[in-house]
Student: 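Structure incoming, see below.
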Amino acid sequence: MSENLSAFAYLIASVCFIMALRGLSSPVTARRGNLLGMAGMTIAIVTTLASPGVMSFTMILIGMLIGGAIGTVVALKIKMTALPELVAAFHSLVGLAAVLVAAAAYYEPQAYGIGVAGNIPIGSLIEMSIGTVIGAVTFTGSIIAFAKLHGTMSGAPVVFAGQHTLNALLGLLLFGLIFWFVGDQNAGLFWMIVLLSCLMGVLIIIPIGGADMPVVISMLNSYSGWAACGIGFTLSNPALIVTGALVGSSGAILSYIMCKGMNRSFISVILGGFGTENGGPAAGGEDGDKTVRRGSAADAAFIMKNAGSVIIVPGYGMAVAQAQHALREMCDMLKAEGIKVSYAIHPVAGRMPGHMNVLLAEANVPYDEVFELDSINRDFPSADVAFVIGANDVTNPVAKTDPDSPIYGMPILDVENAGTVLFVKRSLSPGYAGVDNVLFYRDSTMMLFGDAKAMCEGIVNAMDAM
Amino acid sequence: MATDKVIEGAADLANNAKALAAQAEALMAQVNQLAGQLASQAQQSGGGDSFVFFVMIFVLSCFVGYYVVWSVTPALHSPLMSLTNAISSVIIVGALIAAGPADLSLAKVFGFFAVILASVNIFGGFIVSQRMLSMFKKKTN
């Protein structure tokens, strides 16, 4: 394939990728978008295979078959609740692939038209180093994120004295190594950069706690894009640069949205350790003699059956208990009674952006019953019941009233404005931010203690019996 | 007499033509040389300019990405992540070039493993996105 023709093909592939993301603006066009993405990928792969440098296809074919088989099986088998882990694992693969491609370019630069081994142009070396560093950080960082999400590793932040100083020093060291490598082109230096970046990846992610995972996953998403971009510059491949930039900005925007959803700065999330040191005083002290109103499944069934409209507020607890199907069954019964049911999703509910939407969609909840924070908040005053299942901090009015609270300024779902608030929760324990929820002690609140799934099933049975 | 003159003139002409041909040849060689120089110069300056050109592509793509991603509905943020994940595996392009040469080398081995990793992502990413997206349905009634 001539150079112009392949450049044109890469352009078409890039346009396909842009249109694929554009398709996600609505669930109606989203599937077509995904197909366009596949088309773009096929074009990019075929174009590369047709380039004069690719002469032997056996190993390529074997590699694609192995990888394709693993990917297909995993993607078909994975449970929707395990989605955040899966995405984290996939990110780590992109990171590692970027490191490997950079290594290949370093050992065989003539294949990529960037000089000969030992005499690679400085510009290419810098681009290569950047791609390697970001790739390696994405690789190990995503593994840590995966371990935290999967429960192999505790989700609690890992903090130690001098952590930030250590990170800063390692960062400087890395910078020095790159400088040295660009001048020296030594293989040992290349692998030291890889190792140090891997270490950085671990250190960057360990201090970040479980509920900050939406930010971490989006951030790693962004990194994997920038890594692809760096490799794209090394290879002078426009399709890689365009795609990398698309993915990079996508991840960055998602991180921004997630940070805004928690009213925290990106820096404070990255520095980590949230919810460890400032949880105590806010929760303690005053709650000794507070009383809560407990209810049973039958009470909840009675209240909801006599309501005109119910708003469901799902949170991570629903995902953990896998309660989405039981919840939908409950809502179907309510709808059969002529009660208006809608769902309110907080931007940071769950462990990845849009987590709750996917789980509800899996349980066959139509997407036009599911609303974002901005559009549903004005409906709470007219709702008779707010049914909070597995969410806590995102409903806490303290975020509006107490400037000293760690969650002050965070946008919340105004469930307090609903006639009755039903909280499905295991215990009275505070949420991730370590802040006690004042709503628990209100007269209009009823606490339904127990497992989210069991509670929904209990309510369904109670409604059946009425 | 007249024939002699004609023959002489013809010989002169032939000589002239020969000299002209030689000149043309020399000129041709010069042109060739110049063209070669120009081409290599163009290539060199193209090498310098191509970086700027790629930076332009990069910056414009960031802007495209910015506007396209803001238009994605929040409900589809999870599929957005898995889809971007799948398309970022276009890094397989680099892996294919590394795994492509006929002879076995260290670079080819790296390329081979990178092809596997990227393929896992491509297939896994697109399939899981499709699975997610197929669940988003409108109200049936």
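Protein chains get the first letters and strands the later ones, always in sequence-line order, with residue 1 at the start of each.
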Student: Distance-only, no hydrogens or angles: does the R131(B) side chain make a donor-acceptor pair with backbone N or O of I78(A) under 3.5 Å?
Tutor: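 Confirmed, R131(B) side chain pairs with I78(A) backbone.
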
Student: So, taking the atom named CG in L96(A) and the one named CZ in F113(B), what distance separates them when rounded to the nearest 0.5 Å?
Tutor: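 The CG atom of L96(A) sits 10.0 Å away from the CZ atom of F113(B).
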
Student: Is the shortest side-chain heavy-atom distance between V358(A) and P79(B) below 4.5 Å?
Tutor: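 Yes, side chains in contact.
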
Student: Measure distances from T243(A) to the heavy atoms of chain B and classify the residue's part below 4.5 Å as side chain, backbone, both or neither.
Tutor: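 Contact with chain B is through the side chain of T243(A) alone.
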
Student: Counting only non-hydrogen atoms closer than 4.5 Å, does V59(B) touch chain A with its backbone (N, CA, C, O), its side chain (CB onward), both, or neither?
Tutor: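 When you check distances to chain A, no heavy atom of V59(B) falls under 4.5 Å.
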
Student: Let me know if A75(B) has heavy atoms under 4.5 Å from chain A in its side chain, its backbone, both or neither.
Tutor: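 Its backbone and side chain both get close to chain A.
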
Student: Given a strict heavy-atom distance threshold of 4.5 Å, which part of L83(A) is in contact with chain B: side chain, backbone, both, or neither?
Tutor: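 Answer is side chain: those atoms of L83(A) sit under 4.5 Å from chain B.
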
Student: Atom CG in L246(A), atom OG in S88(B): separation rounded to 0.5 Å?
Tutor: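 With rounding to 0.5 Å, CG (L246(A)) is 10.5 Å from OG (S88(B)).
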
Student: Does CZ in F57(A) sit with more than 12 non-hydrogen atoms of other residues, nucleotides or ligands closer than 6.0 Å?
Tutor: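 More than 12 heavy atoms, drawn from other residues, nucleotides or ligands, come within 6.0 Å of this atom.
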
Student: Within the 4.5 Å heavy-atom criterion, are V94(A) and S89(B) side-chain neighbours or not?
Tutor: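 Contact flag for V94(A)/S89(B) side chains = yes.
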
Student: Do N221(A) and T84(B) pair up side chain to side chain, a donor and an acceptor below 3.5 Å, judged on atom types alone?
Tutor: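 Side chains of N221(A) and T84(B): pair found under 3.5 Å.
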
Student: So, taking the atom named OG in S105(B) and the one named OH in Y107(A), what distance separates them when rounded to the nearest 0.5 Å?
Tutor: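 Those atoms lie 11.5 Å apart.
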
Student: Hey, which of A75(A), G33(A), A44(A), A30(A) has the most heavy atom pairs under 4.5 Å with chain B?
Tutor: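 Heavy-atom pair counts peak at A75(A).
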
Student: Need one label for I92(B): side chain, backbone, both or neither, based on atoms under 4.5 Å from any heavy atom in chain A.
Tutor: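 Side chain of I92(B) only, per the 4.5 Å heavy-atom cut-off to chain A.
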
Student: Using a cut-off of under 4.5 Å for heavy-atom pairs, which of M356(A), E127(A), R22(A), M38(A) has the most such pairs with chain B?
Tutor: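 Highest number of pairs under 4.5 Å: M38(A).
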
Student: If you define the side chain from C-beta out and look only at heavy atoms, does anything of P27(A) sit under 4.5 Å from L76(B)?
Tutor: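 Touching, per the 4.5 Å side-chain cut-off.
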
Student: With chain B as the partner, which of M59(A), M80(A), E108(A), H355(A) has the greatest number of non-hydrogen pairs under 4.5 Å?
Tutor: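 Highest number of heavy-atom pairs under 4.5 Å: M59(A).
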
Student: Looking at D368(A), V370(A), N357(A), which one forms a side chain to side chain contact (heavy atoms under 4.5 Å, CB included) with F136(B)?
Tutor: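 That would be N357(A); it is the only one of D368(A), V370(A), N357(A) passing the side chain to side chain contact (heavy atoms under 4.5 Å, CB included) with F136(B).
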
Student: Which of the residues V128(B), I87(B), I127(B), V68(B) is involved in the greatest number of heavy-atom pairs with chain A at under 4.5 angstrom?
Tutor: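 Highest number of pairs under 4.5 Å: I87(B).
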
Student: Name the member of Y106(A), F90(A), F371(A) that forms the most heavy-atom pairs with chain B at distances under 4.5 Å.
Tutor: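 That would be F90(A).
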
Student: Indicate the atoms forming the closest heavy-atom contact of S249(A) with G65(B), along with that distance.
Tutor: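 The pair with the smallest heavy-atom distance is OG-CA, 3.6 Å.
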
Student: What is the distance from atom OH of Y10(A) to atom CD1 of I57(B), rounded to the nearest 0.5 Å?
Tutor: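 Atom-to-atom, Y10(A):OH and I57(B):CD1 are 13.0 Å apart.
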
Student: Grab the two heavy atoms, one from G68(A) and one from F123(B), that are nearest each other, plus how far apart they are.
Tutor: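 Of all heavy-atom pairs spanning G68(A) and F123(B), the closest is CA-CD1, 3.4 Å.
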
Student: Pick one of side chain, backbone, both or neither for L106(B), based on which atoms fall under 4.5 Å of a heavy atom in chain A.
Tutor: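 Side chain only.
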
Student: Please name the pair of heavy atoms, one in S61(B) and one in A245(A), separated by the smallest distance, quoted to 0.1 Å.
Tutor: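 Closest approach of S61(B) to A245(A), heavy atoms only: CB-CB, 3.5 Å.
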
Student: With a 4.5 angstrom heavy-atom cut-off, could you sort out which part of L80(B) is near chain A: side chain, backbone, both or neither?
Tutor: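 Both parts, backbone and side chain.
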
Student: Identify which of T234(A), V73(A), I257(A), V74(A) forms the greatest number of heavy-atom pairs closer than 4.5 Å to chain B.
Tutor: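 Most heavy-atom pairs within the cutoff with chain B belong to I257(A).
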
Student: Donor-acceptor check, side chain of Y112(A) to backbone of A98(B), threshold 3.5 angstrom: yes or no?
Tutor: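 Such a contact is found between Y112(A) side chain and A98(B) backbone.
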
Student: Scan side-chain atoms only and decide if R31(A) and S134(B) contain a donor-acceptor pair under the 3.5 Å cut-off.
Tutor: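 No, no side-chain donor-acceptor pair sits under 3.5 Å.
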
Student: Is Y343(A) in contact with chain B via its backbone, its side chain, both, or neither, using a 4.5 Å heavy-atom distance?
Tutor: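 Contact with chain B: none, neither part.
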
Student: So F112(B) and I60(A), do their side chains get closer than 4.5 Å, heavy atoms only?
Tutor: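 Answer no - side chains too far apart.
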
Student: Quickly, which of V101(A), V99(A), L93(A) forms a side chain to side chain contact (heavy atoms under 4.5 Å, CB included) with L117(B)? Name it, please.
Tutor: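 Passing option: L93(A).
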
Student: Assign the ring pair F54(B) / F233(A) to parallel, tilted or perpendicular, where the plane angle (0 to 90°) is split at 30° and 60°.
Tutor: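 Correct class here is perpendicular.
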
Student: Taking the side chain from N34(A) and the backbone from S129(B), do they hold a donor-acceptor pair closer than 3.5 Å?
Tutor: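 Checking the backbone N and O of S129(B) against the side chain of N34(A), no donor-acceptor pair under 3.5 Å is found.
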
Student: Side chain of Y66(B), backbone of I253(A): donor and acceptor closer than 3.5 Å?
Tutor: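 Between the backbone of I253(A) and the side chain of Y66(B) there is no qualifying donor-acceptor contact (under 3.5 Å).
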
Student: Decide if atom CG of L65(A) counts as having more than 12 heavy atoms of other residues, nucleotides or ligands within a radius under 6.0 Å.
Tutor: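 Enclosed.
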
Student: Where does E362(A) contact chain B at under 4.5 Å (heavy atoms): side chain, backbone, both or neither?
Tutor: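 Both the backbone and the side chain of E362(A) come within 4.5 Å of chain B.
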
Student: Of the listed residues (N364(A), I217(A), T48(A)), which shares the most heavy-atom pairs with chain B below a 4.5 Å separation?
Tutor: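 The answer is T48(A).
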
Student: When rounded to the nearest 0.5 angstrom, what distance separates NE2 in H91(A) from OG in S82(B)?
Tutor: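 The OG atom of S82(B) is 9.0 Å from NE2 of H91(A), to the nearest 0.5 Å.
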
Student: I need the residue from V55(B), V72(B), N85(B), V69(B) with the largest number of non-hydrogen atom pairs under 4.5 Å to chain A.
Tutor: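 Most heavy-atom pairs under 4.5 Å with chain A: N85(B).
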
Student: Please classify the contact of L83(B) with chain A as side chain, backbone, both or neither, using a heavy-atom distance under 4.5 Å.
Tutor: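 For L83(B), the contact with chain A is made by the side chain alone.
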
Student: Taking V115(B), V64(B), I97(B), D103(B) one by one, which has the highest count of heavy-atom pairs under 4.5 Å against chain A?
Tutor: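 The candidate making the most pairs under 4.5 Å is I97(B).
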
Student: How many angstroms lie between CG in L254(A) and NE2 in H77(B), if you round to the nearest 0.5 Å?
Tutor: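 Going from the CG atom of L254(A) to the NE2 atom of H77(B) covers 5.0 Å.
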
Student: Which answer fits L76(A), side chain, backbone, both or neither, if we ask what part of it has an atom under 4.5 Å from a heavy atom of chain B?
Tutor: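 It is both, since atoms from each part get that close.
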
Student: Tell me whether S78(B) contacts the main-chain N or O of P353(A) through its side chain, where contact means a donor paired with an acceptor under 3.5 Å.
Tutor: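 Side chain of S78(B) to backbone of P353(A), a donor-acceptor pair under 3.5 Å: yes, one is there.
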
Student: Please report the shortest heavy-atom distance between P101(B) and S56(A), naming the atom on each side.
Tutor: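 Taking P101(B) first and S56(A) second, the nearest heavy atoms are O-OG, 3.8 Å.
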
Student: Just give me the residue among A99(B), A118(B), G111(B) that pairs up with chain A most often, heavy atom to heavy atom, under 4.5 Å.
Tutor: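 Among the listed options, the one with the most contacts to chain A is A99(B).
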
Student: Which one, A102(B), G125(B), A86(B), S71(B), leads in non-hydrogen pairs under 4.5 Å with chain A?
Tutor: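 It is S71(B).
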
